[in-house]
Amino acid sequence: MATPVQTLRSLLNELRLANPNGNIKNSLAAKYILTQFRKYKTTDQTLCKAKEEMHFLGQTYLCYLQSRRNYQRIRKEYSGRGERTVEDTASLVGFKLPHDPK
């Protein structure tokens, strides 16, 4: 299981990957995540929340960002580009067409 610091680093990395220019220094989302992690660093118990609730919430957002990035990658790879040849379709699913010797 990841520690809260590893979850924070992974979240910031996913935000960096989601940002077009890769810079998150001025990102409102990154600032918000950092303040929330700092705010609940030692006070999980004082707010009547579960001990690891903020860590769980961070992992949930991380899972969402990773899934969103994977979805976009898969959609780009397999999106419809009109008619495909039989050879293109076969190679897409991992098959090779037999070749006739001449």
- Item | Reported CZ-to-NZ distance for the pair Arg73 and Lys76, which is rounded to 0.5 angstrom | 11.0 Å
- Item | Ile33 side chain near Leu15 side chain, heavy-atom distance below 4.5 Å | yes
- Hey, could you give me the CZ/CG distance between Arg9 and Leu12, rounded to the nearest 0.5 Å? 10.0 Å
- Once you round to the nearest 0.5 Å, how far does NZ of Lys25 lie from NZ of Lys31? 11.5 Å
- So how far is it from Asn21 CG to Arg16 CZ, rounded to the nearest 0.5 Å? 11.0 Å
- Query: So does Glu87 have more than 12 non-hydrogen atoms from other groups sitting under 6.0 Å from CD?
  - Reply: no
- Message: Go through it in stages, so that I can follow the logic: the residues are Val86 and Thr89, the test is side-chain contact (heavy atoms from CB on, under 4.5 Å), and I'd like the CA-CA distance, side-chain angles, deciding distance and then a yes or no.
- Response: CA-CA 5 Å; Val86 175; Thr89 306; 5.8 Å; no
- In terms of hydrophobic clustering (I, L, V, M, F, W, Y; side-chain heavy atoms under 4.5 Å; direct or indirect links), are Tyr61 and Phe56 co-clustered? no
- Message: Could you check whether any side-chain heavy atom of Leu8 comes within less than 4.5 Å of a side-chain heavy atom of Val5, counting everything from C-beta outward?
- Response: no
- Message: Can a side-chain donor-acceptor contact be found between Asn13 and Ser10 if the only test is distance below 3.5 angstrom?
- Response: no
- Item | Point-to-point distance, once rounded to the nearest 0.5 Å, from OG1 of Thr60 to NE2 of His55 | 10.0 Å
- Message: Is the shortest side-chain heavy-atom distance between Leu34 and Arg38 below 4.5 Å?
- Response: yes
- Query: If you measure from CD1 on Ile24 to CG on Leu17, what distance do you get to the nearest 0.5 Å?
  - Reply: 9.5 Å
- Item | Pair Asp88-Thr85, side chain to side chain donor-acceptor pair (under 3.5 Å): steps then yes or no | CA-CA 5 Å; Asp88 288 340; Thr85 64; 3.2 Å; yes
- Task: State, with a plain yes or no, whether a side-chain heavy atom of Leu11 is found less than 4.5 Å away from one of Phe37.
- Result: yes
